[in-house]
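Note that the structure is predicted; figures quoted are calculated from it, not measured.
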Amino acid sequence: MKKTVSLMLTAMLAAQCLMAQIPAGIKFLNYEKNKSAKEAFQKAYDANPKDPQAIYWLGQAMLATDGASEPSKEQIAEVKALYQKGLQEVGSDAWLLVGMGHVGILEKEDINSVKQKFEQAITSTIETKGKNKGKPNPAILNAIGRANAEVGSDQGDHNYAIEKLKQAAAIDLTDPDILINMGINYLKMGGENGGDAVKAYQEALARDPKNARAFYRIGKIYQSQNNKELFEQNFASAMEADPAYPPVYFNYYDYYASRDVNRAKEYLDKYIATADKDPMLDLVMADYLFRSGKNEESLAKVKELETAVGIKALPKLDVLYAFNYDRTGDSVQAKNALTRYFSTAPVSKIAPGDYELAVKVFSKFPGSELQAVGYLEKALSNDTSKVNKLAYMGQAAELFGKAKMYDKQIEWLQKQAALKGGTLSEFDYYKLTSTAFTAKNYPLTIELAKKYMIDFPGKPQPYTFFKRAALASDPDTTSGLAATHLMYLDSIYTVLDKEKYKKDIFLNQYYILNYYIKKITTLKNNPDFKITTDGRKTAVVDEYLAVCQKAVEVTDSMIVAYPDPNDDNNKFAQGARAEIQKRIDYYSKPPVPAKKGGNTGGNSTPGKG
C-alpha cells in the first residue's frame with residue numbers, strides 16, 4: 001500500500017513539475033533566454049523522461065541559438081538522437097513527429113517527406129469527441145508553424161505553415177503564440193509580406209494585450225522600414241508590457257551603439273539585468289568597449305571569449321576583431337578576421353553593418369573588391385529589406401569607385417536606381433552621370449545627362465556634364481561628333497531660355513564654327529579638290545562649299561545674338577563671315593585662266609583664294 005502511495009505521489013510530483021516547467025520554459029524561449037529555457041525543460045524531462053512534450057521542448061531549447069548563428073551540425077545531431085530515443089520509448093507521438101520534421105528541415109530533407117511527418121502528427125491528434133470533434137490538436141498545428149518559423153527563409157514551407165497556423169487559430173481562440181508564429185512565417189516569405197505579419201502580431205495582441213514579444217516584433221518591422229516613430233512606439237509598448245523582456249533592450253543598444261554610446265549603455269545595462277548570464281553578454285560588453293573607444297579592453301575581452309567558448313560558438317567575435325584591428329591600423333588582421341567570419345557565419349545572421357565594415361577594410365587591398373562584393377551579393381539574395389538591399393548596392397558601388405573600377409561602379413549604381421524605381425533623385429543622376437564621365441564612358445554620360453536635363457532642367461550640372469562629354473568625345477575636333485552634340489545642346493538652351501543661355505549658345509557656336517573651319521581647311525588640302533577650266537567641280541569641292549555655307553549660317557546666328565556692331569562678339573562673327581563668304585564666292589565661280597598659245601583647255605586648279 002505504501003509503495004502504491006509512493007508511486008502515486010511520485011507521479012503527481014512529476015506532473016506538477018511538467019505543469020510548471022514547460023510553460024516557464026516556453027516563456028524563456030520566447031524571451032530569448034535560451035539557457036534558462038533549457039534548464040526548465042531539463043527539469044521537466046528529468047521528472048518524466050518519457051513525456052513527449054518534455055522531450056519535444058527540451059529538443060527545441062537545445063536547437064536554440066543566441067541569434068548569432070544557426071544550430072550547428074552537432075546541435076542538430078544531438079536533438080535528432082533525443083527525438084529518436086523518444087520515438088523508440090514512447091512510440092510515434094505527435095510531438096516527437098513534429099520534432100523530427102523540424103530536424104528534417106534543418107538537415108535539408110525533402111520537404112514532402114518532412115510534411116508527411118507533420119501530417120502524420122496532425123492525423124494522430126484528431127479529436128474523436130467533445131467540442132473539437134474531428135479537429136486536430138491546435139498545439140500540434142502551432143508546433144508545425146513554429147518549426148517553419150525557426151528555420152531560414154529558404155528552408156521549410158512557410159505557406160504550408162501559415163495554413164496550419166490559421167487552422168490552429170480557428171480552434172484555439174486564446175493562444176497568442178499561434179499568431180506570432182504566423183507573423184514570423186509571413187516575414188520569411190519576404191519583406192513585402194510585412195503588412196500581413198503586422199496584422200498577425202496585432203491579432204496576437206488582441207488575445208494578449210500585454211504581449212511584449214508581439215509589440216517588439218511589430219517594432220522590428222517598422223525599424224526595417226526606417227520608421228523611427230513607429231518602431232520606438234512599439235518598443236516602448238513592449239517595455240511597458242513587460243520590463244523584463246530582454247530582446248527590446250538589446251535591439252535598442254544595437255541601434256544606439258553607433259549613434260549615441262551613452263544612451264546605448266543605458267539599454268545595455270537593462271539588457272544585462274534581464275538576459276541570461278552567458279557568454280553572449282560578454283560579447284555585447286566587448287562591443288560596447290569598442291564603441292566607447294576602449295580598443296585594448298575590447299580586444300582583451302574578445303580574446304578571452306575566444307579562449308573560453310571559441311569562434312564557432314560566437315562568430316561575431318571575428319567582427320569585433322575586425323572592428324578593433326581596423327581602428328588600430330592593422331588592416332591585414334582586420335581582413336583576415338572578416339574573411340573567416342564571412343566563410344563560416346550563416347548569411348541570415350550577418351548584419352548590414354558587417355558588410356559596411358567589409359567594404360571599408362577590403363577597399364584597402366587592391367584586387368579584393370570582387371571578394372567583398374561576393375559577400376554583398378549573398379546578402380542581397382538573402383535580405384528581404386529593400387532599404388538594406390539599396391545599402392548593399394551602394395556599398396558595392398562605393399567599393400568599385402575607390403578601386404577606380406568605374407564600369408563596375410556604374411553597373412551597381414544602375415542596379416540601385418532600378419531597385420528604387422520611379423524617377424531618379426537629383427543626387428542619383430549626379431552620381432551616375434559623374435561616374436560615367438570619370439569612367440570616360442562619354443556616350444553613357446550624354447545619355448544620362450539628357451535624362452538629367454529633362455527631370456531637373458533648372459540644375460546646371462546636366463548641361464555641364466553633357467558639354468564636357470561632348471568635347472571629350474571628339475578630342476581633336478575632327479569627327480564632328482562634338483559639334484553634333486553641341487547643336488543639340490543649343491536647341492535645348494533655345495527652348496529653355498534663349499536670352500539666359502545666349503553666352504553658352506555663342507560659345508558652343510564658336511566651337512562649331514572652328515570645327516567647320518578646320519574641316520574647310522582639310523577639304524581644301526585634299527588632292528581631289530579640283531575645278532576644271534570650264535567650271536566643273538569635284539565632289540570634294542561641292543562638300544567644301546556646303547561646309548562653308550554651314551559655317552556662314554553659324555556666324556549669322558552669332559551676329560543675331562550680338563547685333564551691336566561695336567560688340568567684340570559681333571566683330572568676330574562679322575569678320576569670320578566675310579572670310580568664309582569670300583571662299584564661297586571664289587570657288588562657286590572661279591575666274592577662268594587666260595588661254596596661252598593653242599591650248600584649248602585641260603584640267604587646272606585655281607590658286608587658293
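- Between Y160 and I144, some side-chain heavy-atom pair lies under the 4.5 Å cut-off.
- A search for side chain to side chain contact (heavy atoms under 4.5 Å, CB included) contacts involving P279 returns L305, V309, L314, not counting sequence neighbours.
- Using a 4.0 Å cut-off between charged nitrogen and carboxylate oxygen, R213 and E32 do not count as a salt-bridge pair.
- The shortest distance between side-chain heavy atoms of L82 and Y45 falls below 4.5 Å.
- Seen from the ring of F118, K164 does not count as a face-on cation partner, given the 6.0 Å and 45° thresholds.
- Between V248 and K270 the shortest side-chain heavy-atom distance does not fall below 4.5 Å.
- Not one N or O on the side chain of S113 forms a donor-acceptor pair closer than 3.5 Å with the backbone of E109.
- No hydrogens or angles considered: nothing links the side chains of S36 and N34 as a donor-acceptor pair under 3.5 Å.
- Heavy atoms of other residues, nucleotides or ligands lying less than 6.0 angstrom from CD of E377 number more than 12.
- In this structure, CG in L289 is found 10.5 Å from CG in D282, a value given to the nearest 0.5 Å.
- Not a single donor-acceptor pair under 3.5 Å links the side chain of D276 to the backbone N or O of D278.
- You'll find the side chain of K312 stays beyond 4.5 Å of the side chain of T344, heavy atoms only.
- When atom types are taken as modelled, the side chain of Q155 and the backbone of G152 share a donor-acceptor pair closer than 3.5 angstrom.
- Residues K188 and N148 have side chains that never bring a donor and an acceptor to within less than 3.5 angstrom of each other.
- D154 pairs by the salt bridge (charged side-chain N to carboxylate O under 4.0 Å, His left out) definition with nothing, not counting sequence neighbours.
- With a 6.0 Å radius and a threshold of 12 heavy atoms from other residues, nucleotides or ligands, K50 has its NZ atom at or below the threshold.
- Taking the six-membered ring wherever Trp is involved, the centroid distance between the rings of Y253 and Y271 does not fall below 6.0 Å.
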Subject >> Worked check of salt bridge (Lys or Arg N to Asp or Glu O under 4.0 Å) between K115 and D157 >> reply: CA-CA 9 Å; K115 287 197 283 190; D157 186 334; 2.8 Å; yes

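- Residues M239 and Y245 are not in side-chain contact: their nearest non-hydrogen atoms beyond the backbone lie 4.5 Å or more apart.
- K199 contributes atom NZ, which lies 13.5 Å from atom CD1 of I218 (distance to the nearest 0.5 angstrom).
- Of all heavy-atom pairs spanning A200 and L179, the tightest one is O-CB, 3.3 Å.
- Closest approach of N324 and S298 over heavy atoms only: ND2-OG, 3.0 Å.
- P49 and I55 make their closest contact through O-CD1, 3.4 Å (heavy atoms, listed as atom of the first residue, atom of the second, distance).
- Contact record, L187 with G194: CD2-CA, 3.9 Å, taken as the closest heavy-atom pair.
- A distance of 5.5 Å separates CD of E240 from NZ of K210, quoted to the nearest 0.5 Å.
- Note that the CD atom of E266 and the OH atom of Y256 stand 10.0 Å from one another [nearest 0.5 Å].
- Here I184 contributes atom CD1 and R146 contributes atom CZ; the two are 8.5 Å apart, rounded to the nearest 0.5 Å.
- Looking only at atom types and distance, the side chain of D242 has a donor-acceptor partner in the side chain of Y31 under 3.5 Å away.
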Return a table of donor-acceptor pairs under 3.5 angstrom between the side chains of residues 354-361 and protein atoms on other chains or two or more places apart.
from	atom 1	to	atom 2	distance (Å)
D354	OD1	K316	NZ	3.4
D354	OD2	K316	NZ	2.4
D354	OD2	Y341	OH	2.8
D354	OD2	A351	N	3.0
K360	NZ	D326	OD2	3.0

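- Residue K335 places its NZ atom among more than 12 non-hydrogen atoms of other residues, nucleotides or ligands, all under 6.0 Å distant.
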**OP:** Run the numbers on I162 and D196 for side chain to side chain contact (heavy atoms under 4.5 Å, CB included), then give the verdict.
**Re:** CA-CA 11 Å; I162 290 168; D196 287 325; over 6 Å; no

Original post:
Yes or no on side chain to side chain contact (heavy atoms under 4.5 Å, CB included) for S331 and Y325, after CA distance, side-chain angles and deciding distance?
Top reply: CA-CA 6 Å; S331 299; Y325 284 132; over 6 Å; no

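- Judged as a side chain to side chain contact (heavy atoms under 4.5 Å, CB included), and not counting sequence neighbours, the contacts of E306 are I311, L317, Y321, R340.
- Qualifying side chain to side chain contact (heavy atoms under 4.5 Å, CB included) partners for K415, counting only residues two or more places apart in sequence or in other chains: M393, E411, W412.
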Original post:
Between E39 and K43, does a salt bridge (Lys or Arg N to Asp or Glu O under 4.0 Å) hold up when you go through it step by step?
Top reply: CA-CA 6 Å; E39 289 172 356; K43 288 179 183 178; over 6 Å; no

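- For Y201 and F215, the gap between ring centers reaches or exceeds 6.0 Å.
- Looking only at atom types and distance, the side chain of D46 has a donor-acceptor partner in the side chain of Q42 under 3.5 Å away.
- The pair R207-D175 does not count as a salt bridge, with every side-chain nitrogen at least 4.0 angstrom from each carboxylate oxygen.
- Once rounded to the nearest 0.5 Å, the distance linking CE of M285 with CE of M280 reads 13.0 Å.
- Checked by atom type and distance alone, the side chain of K33 pairs as donor or acceptor with a backbone atom of T274 at under 3.5 Å.
- Contact between L106 and V151 at its shortest, heavy atoms only, is CD2-CG1, 3.7 Å.
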Original post:
Taking it one step at a time, do Y288 and V261 satisfy side chain to side chain contact (heavy atoms under 4.5 Å, CB included)?
Top reply: CA-CA 8 Å; Y288 168 72; V261 71; 3.8 Å; yes

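- For the pair F400/L370, a side-chain contact is recorded, criterion being any heavy-atom separation below 4.5 Å from C-beta on.
- Between K73 and E107 there is no salt bridge, since no side-chain N of the basic residue sits under 4.0 Å from a carboxylate O of the acidic one.
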Side-chain atoms of residues 131-142: list all donor-acceptor pairs with protein atoms under 3.5 Å, sequence neighbours left out, distances to 0.1 Å.
from	atom 1	to	atom 2	distance (Å)
N137	OD1	A139	N	2.8
N142	OD1	N181	ND2	2.9

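- Side-chain contact between S363 and E369 is absent, with no heavy atoms from C-beta onward closer than 4.5 Å.
- Ring planes of F235 and Y252: perpendicular class, angle over 60° (limits at 30 and 60°).
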**OP:** Please report the C-alpha distance between I76 and L63 in whole Å, then the side-chain angles of each, then the deciding distance to 0.1 Å, and finally whether the side chain to side chain contact (heavy atoms under 4.5 Å, CB included) criterion is met.
**Re:** CA-CA 7 Å; I76 296 169; L63 286 174; 4.2 Å; yes

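- Checking side-chain atoms of Q75 against main-chain N and O of S72 turns up a donor-acceptor pair under 3.5 Å.
- Of all the heavy atoms in K277 and K35, the pair that sits closest is O-NZ, 3.1 Å.
- Among Y216, Y222, Y255, the one residue that satisfies the ring pair (Phe, Tyr, Trp, His ring centres under 6.0 Å) test with F231 is Y255.
- Residues F362 and T339 meet the side-chain proximity criterion, which asks for heavy atoms closer than 4.5 Å.
- Taking the six-membered ring where tryptophan is involved, the planes of W57 and F41 are essentially parallel, since the angle between them stays under 30° and well short of 60°.
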